[in-house]
2 protein chains.
Amino acid sequence: MKRVTPSRSEFAQLLGRTAQAFGVPPSVGQIYGLLYLSDRPLSLDEIADALDLSKASASVGARQLEALHAVRVSSKSDDRRDYWEASLEPQEVLQKMMSSVLAPRLANAHNRLEGLVDLMRAERESGVLSGEEFTVCQQRLQLLIAKTQQFKTWLPVVERFVR
Amino acid sequence: MKRVTPSRSEFAQLLGRTAQAFGVPPSVGQIYGLLYLSDRPLSLDEIADALDLSKASASVGARQLEALHAVRVSSKSDDRRDYWEASLEPQEVLQKMMSSVLAPRLANAHNRLEGLVDLMRAERESGVLSGEEFTVCQQRLQLLIAKTQQFKTWLPVVERFVR
DNA sequence: ACTTGCGTTCAGTTTTTTCTGAATCAACCC
DNA sequence: GGGTTGATTCAGAAAAAACTGAACGCAAGT
């Protein structure tokens, strides 16, 4: 890790571990951390150099962050390099992540649950599932479905509060 | 995966993948899923058998879930086995997880950030950091700290809304 | 048309995480 | 005390994920 002060490097490491805790690769968190404390946009080579990463990792990591709306890429004229900078306001990043990854995931989960309800009905009819078991399962699945629905409607509100 | 109907097994798998997406081992999610759709508490052997896991995994997974307040363990008299059941009301599980894992993590992050602020001040004084850089970093770190604080105060409210 | 300098892709390696089997521990019964 | 049956621990295997170097593609400059 070159050309970066200890405090910034430590911040990057902290964000790396935090990202990891949420299932995001450490390198991705590190990149965001580096950019967040940078007073100017950085090129891929600078990122890779500062964080001791291969340029390949820097590239995919930065693109992932872009997909999460956590960073922006821009380019100077007369310089073919891409320059990356963090979008400030972390809350906004969170909000974007909620709507762009949590929400679709929720929708998907919802569909699968609905499918399961049907499947279970079929199992009941073919006798694989006793009436007793069937009612319990059905009940709990419906509860879960209701909750995901509810959560979906509250999501925008929560986003607003968190901001 | 024996002694479990397709729909229930699929549900367990779904929860396994979901857990994984949040950085929790799949087996842990699977166990919760199995218990959630069970009409009675299950023993470790039943869990391991149903999910094709070793008893060791079943044991540690169940204990992890217990730590997250997602399951309860009980024992019948005249039977030395432990019996596990999911705590229903998934929202409550979420809420407990927020207060018992998210909140401490937040507090910890907060402390580390404060430490970084000090470290940066030292770097400024020793000239490692230019005045320009220093102000930018300081500013952004403070913003972040403020936001984590804010988030901490809103957490209980969000919990209540989600419920 | 050739070279240079950039970002990206991808196959293979390294690292990390998860899972397992065997050993251990603990309660209970005889 | 010895045997049985359950849970837990732990070292190592297996699997998954992250990362890398080398090759590639592409645009701009010569």
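For the numbers below, each heavy atom of this structure counts, side chains included, while hydrogens, waters and symmetry mates do not. We name chains A, B, ... by the order of the sequence lines, and we start the count at 1 in each one. Values in this document were obtained by computation on a predicted structure and should not be read as measured data.
- Legend: salt bridge (Lys or Arg N to Asp or Glu O under 4.0 Å) pairs involving residues 97-117 of chain A, not counting sequence neighbours: none detected.
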What is the per-nucleotide protein-contact pattern of nucleotides 10-25 of chain C, from the 5' end, where B denotes a base atom under 4.0 Å from a protein heavy atom, S denotes such proximity for sugar-phosphate atoms only, and - denotes neither? -------SSSBB----

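- Straight-line distance from the CH2 atom of B:W84 to the C1' atom of D:dG6: 13 Å, rounded to whole Å.
- Sorted by first and then second residue, the salt bridge (Lys or Arg N to Asp or Glu O under 4.0 Å) pairs involving residues 68-77 of chain A (not counting sequence neighbours) are A:R72-A:E85.
- Between the side chain of A:S59 and the main chain of A:K55, no donor-acceptor pair closer than 3.5 Å is present.
- Under the rule for a side-chain contact (heavy atoms from CB on, under 4.5 Å), the partners of B:V24 that lie at least two apart in sequence or sit in another chain are B:A19, B:V28.
- Near DNA chain C, defined here as any heavy-atom distance below 4.0 Å, the residues from residues 63-83 of chain A are A:R63, A:R80, A:R81, A:D82, listed numerically.
- Computed from coordinates, the A:L42 CG to C:dG7 C1' distance equals 16 Å when rounded to whole Å.
- Distances shown here put a side-chain N or O of A:S59 below 4.0 Å from the OP1 or OP2 atom of C:dT8.
- Between the C1' atom of D:dA7 and the CG atom of B:D49 lies a distance of 17 Å, rounded to the nearest Å.
- Applying the side chain to side chain donor-acceptor pair (under 3.5 Å) test to pairs two or more places apart or on separate chains, those with a residue in residues 122-133 of chain B are A:T5-B:E123, A:S7-B:E123, A:R8-B:E133, B:S130-B:E133.
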For residues 36-43 of chain B, tabulate all N or O donor-acceptor pairs below 3.5 Å that involve a side-chain atom, not counting sequence neighbours.
{"from": "B:Y36", "atom 1": "OH", "to": "A:R140", "atom 2": "O", "distance (Å)": "3.0"}
{"from": "B:S38", "atom 1": "OG", "to": "B:R40", "atom 2": "N", "distance (Å)": "3.2"}
{"from": "B:S38", "atom 1": "OG", "to": "B:R40", "atom 2": "O", "distance (Å)": "2.5"}
{"from": "B:R40", "atom 1": "NH1", "to": "B:E46", "atom 2": "OE2", "distance (Å)": "3.2"}
{"from": "B:R40", "atom 1": "NH2", "to": "B:E46", "atom 2": "OE2", "distance (Å)": "3.2"}
{"from": "B:S43", "atom 1": "OG", "to": "B:E46", "atom 2": "N", "distance (Å)": "3.2"}
{"from": "B:S43", "atom 1": "OG", "to": "B:E46", "atom 2": "OE1", "distance (Å)": "3.4"}

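- Annotation: salt bridge (Lys or Arg N to Asp or Glu O under 4.0 Å) contacts involving residues 13-23 of chain A, sequence neighbours excluded, are absent.
- In this structure A:Q139 satisfies the side-chain contact (heavy atoms from CB on, under 4.5 Å) test with no other residue, sequence neighbours excluded.
- Atom CG of A:D45 is separated from atom P of D:dT20 by 14 Å (rounded to the nearest Å).
- Between B:R17 atom CZ and D:dA16 atom C1' there is a gap of 16 Å when expressed in whole angstrom units.
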